[in-house]
Undergrad: 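Handing you this structure, nothing more for now.
So that the names make sense, note that chain A is the first sequence line, chain B the second, and so on, each numbered from 1. Just the heavy atoms: all of them, side chains too, but no hydrogens, waters or symmetry mates, feed the values below.
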Amino acid sequence: MNADVTEPTVDLATFRVDRRIVDRLCARGSISPAARDFALELIEPPRRWGLWVSRLLTVVGAALVLAGVVYFFAFNWEHIPPLTKLAAIAGLIAVAVGTIGVVGFGRLVSDVAASAAVLLVGVFLAVFGQIYQTGADAWQLFAGWAALTLAFALLAGSAAAWAVWLTVANIAFLTWWDQTHPFPGAHRIGAHLSIAVFDAAFLVARETLVARDHAWVAPRWTRFVLAVPILVTITLVAITVLDRPRDLTGVERIGAVAVPVLFLGFWFAYRRWVPDVVALAAATMAGLVIADFALFQLLTSGGRHTDLGIFFLMGLFTLGLFAAAIAWLRAVSRAMEVRP
Amino acid sequence: MSHPSTDAVTLLAAWRRAGHLTPEATPAAAAAIVAAHRDAEPPLHLKILSAIGTFLATCFFLAFLGVSGLISFDTGAGLIGWGVVFLAAGIGLSFALAGKPAGLAHDFLAQAAFAALAVGKVLVVGGAFEQFGVDTRWVPTVALLVVTVATYPVSASSLDRLLSPYATFAAALVEILDRGRFGPGTGTALTLYFGFALAVAGGLLLSHRVPMALRPIGLAALGAVGTVVCFLASGRDFAIWTTRAPVDPRAMEAMLALALVGLVAWAAGGVARLATPPLAAAALGILALAAAGAPGIVFALALLLLGHARHDTPMRVVGILALPAFLVLWYYGRDADFLAKSAMLVGSGALLLGARGVMAALGWDREETR
């Protein structure tokens, strides 16, 4: 087949053809619509519309029924005796857990039920605190919620339930720093750093589990549910440290060391360990924003805020930096595509 | 990488075996694949990276122009003149790109062209405001339309090709709603706008014969439809804050529902397929949703359907996020107490779960189609 090619130096086997290329060929008239449809059938899996609609109905239907139950409680809240309130929520938790028991693990219905169970434990704690006026801080509610549901989230084997649990745990960190370290600046770095390290540990665990063929955590979105908060928080830490690099506090010093370590780990992991060009692009984007901010800080230090050349230089530097990153990511993407 | 694809050798061989390609036509098809590959669009993550870089660089260049005093921001003609200079530079750089092989120089030129076009457009629109006055009708829309038409054919960036038409659509929408000069005719003007955007989106996104270069205009039109739907979903009297009179959304809701039914027919392979029981049930469900006044939910379903049919992950993600958002808005916007809302929610949820049960009982959830 390669012998047919008009350019003898081109190795056609290295050219990947996806839907966009096929559409482009058809739009240009290079292939017939029938050839396009045939190619798409070869490239893409058949659409299982029935299954897709069925899943959509399950998720939306269950969400509407749950929301309706919440509205019912909201309407009658004042008139419901305290124990009935708690018993009703406990009953819903039991129904969710029972659903998993009946349908088994690893199904869409059990994923929805597991997520609902994790959420309802938080509702139970909030209502309990409201009825008995426990005086607990918000962080104690979230920390207790995370602690009580940890074992369940581990056993459920549901990526959706894990995502809910991680959100609760992240909020627990944020509220703990907010309420126990009420000093501006340092506590924000501490909160962001805690979330970054905590989520990084879970990201490593996620990649290890996927490498050991644990299918429930394999969906690609689970990587980004962890990666995005890590990158956002370490970018915020870096910008805060760069904003006033002198007189760093202890937490800020730890942040100054942790940020490059986390970035290097991220780049190594998604370039070598589990190649993923999108994750790499996300990390690169965060790194470029930090680099841009660092140079701007450097150039404007010493009261040179109004120097004309600084903005022009920054514009050129930004263009060059992002262009270099795009060129590098293209090269990395090509290298990943030809990997055996 | 989870993106579905195959290699060119396998595809050409398969085409030949299936009779879609003769041996004589194979070299031309191979050359077309190579050519299509060379000017294929960059993936979404590179587009986002490029957009952020361009945004930052544009801010720095505009700050430089402002601080340096090279350009007077007080005279409209001067701003337009400088805007034209930047647009010309951007167009020149875009032409220069055509002959450059892929690599760092190509990407730098592409970024520079995108930034020059962005700076030029900002200056021209700002200059038009200065020159003709903020209160003059249609000034931003016409200025954006002119710069879009002038740069679209040469712009190398698909993001620029998306954002520029969307900005034009958005400026026209502001003209219709916020500037309130249509008075009682606002509803008619908005309905015409909505119908036009819907027709452009459908015409450019659903036909595979449309040149790929025009697809971003279709996406921009879809964005304009979505913007109006957001207003519609926020309440039936949504335009009262600008026109002092409610806008009747029923014509727009009907258009949207018919568009979704048409989309189902398109995805199924033709209008005749709507006569089959599953698709007839789907069409009835869509019409019931429209009758319930839920344009947001209909639009989110359209995004999900179009994204699923085209294997377009970003569109699917937008649809997935839009569906719960519009569901919340719809129920929040109902004029009923919590008990009635609770009954509506449980009732509609039970209806959907019942429909799922019917699908399972009839075996409709096990069908495979292209």
Undergrad: Give, as side chain, backbone, both or neither, the part of Thr58(A) having an atom under 4.5 angstrom from any heavy atom of chain B.
TA: both
Undergrad: Using side chain to side chain contact (heavy atoms under 4.5 Å, CB included) as the criterion, list what pairs up with Ala269(A), not counting sequence neighbours.
TA: Trp273(A)
Undergrad: At a 4.5 Å cut-off on heavy atoms, which part of Leu288(A) comes close to chain B: side chain, backbone, both, or neither?
TA: side chain
Undergrad: Measure Phe296(A) against the heavy atoms of chain B and call it side chain, backbone, both or neither at under 4.5 Å.
TA: side chain
Undergrad: Among residues at least two apart in sequence or on other chains, which ones pass side chain to side chain contact (heavy atoms under 4.5 Å, CB included) with His20(B)?
TA: Ala34(A), Ala35(A), Phe38(A), Trp15(B), Ala18(B)
Undergrad: Output the option from Arg356(B), Met344(B), Gln111(B), His106(B) having the highest count of non-hydrogen pairs under 4.5 Å with chain A.
TA: Arg356(B)
Undergrad: Name the one of Thr54(B), Thr58(B), Ile52(B) that satisfies side chain to side chain contact (heavy atoms under 4.5 Å, CB included) with Leu56(B)?
TA: Ile52(B)
Undergrad: I'd like to know if the side chain of Arg16(B) and the backbone of Leu21(B) have a donor-acceptor N/O pair within less than 3.5 Å.
TA: no
Undergrad: For Trp52(A), is it the side chain, the backbone, both, or neither that has a heavy atom closer than 4.5 Å to a heavy atom of chain B?
TA: side chain
Undergrad: If you count heavy-atom pairs within less than 4.5 Å of chain B, which of Val53(A), Val65(A), Val60(A), Ile326(A) leads?
TA: Ile326(A)
Undergrad: What is the minimum heavy-atom distance between Leu46(B) and Arg330(A), and which atoms define it?
TA: CD1-CG, 3.8 Å
Undergrad: Pick one of side chain, backbone, both or neither for Ala115(B), based on which atoms fall under 4.5 Å of a heavy atom in chain A.
TA: side chain
Undergrad: Specify which of Trp328(A), Phe312(A), Phe317(A), Trp221(A) makes the most heavy-atom pairs with chain B at under 4.5 Å.
TA: Phe312(A)
Undergrad: Do you know which of Ala63(B), Ala110(B), Ala355(B), Ala29(B) has the most heavy-atom pairs under 4.5 Å to chain A?
TA: Ala63(B)
Undergrad: If you measure from CG on Leu321(A) to CZ on Phe108(B), what distance do you get to the nearest 0.5 Å?
TA: 11.0 Å
Undergrad: Any ion pair linking Arg271(A) and Asp276(A) (charged N to carboxylate O, less than 4.0 Å)?
TA: no
Undergrad: Are the aromatic ring centres of Tyr270(A) and Phe266(A) under 6.0 angstrom apart?
TA: yes
Undergrad: Where does Leu305(B) contact chain A at under 4.5 Å (heavy atoms): side chain, backbone, both or neither?
TA: both
Undergrad: Pick one of side chain, backbone, both or neither for Leu56(A), based on which atoms fall under 4.5 Å of a heavy atom in chain B.
TA: side chain
Undergrad: If we define contacts as heavy-atom pairs under 4.5 Å, which of Ala331(A), Ser32(A), Ala325(A), Pro33(A) has the most with chain B?
TA: Pro33(A)
Undergrad: So which part of Leu323(B) gets closer than 4.5 Å to some heavy atom of chain A, the side chain, the backbone, both or neither?
TA: side chain
Undergrad: Nearest 0.5 angstrom please: Leu263(B) CG to Trp266(B) CH2, how far?
TA: 6.5 Å
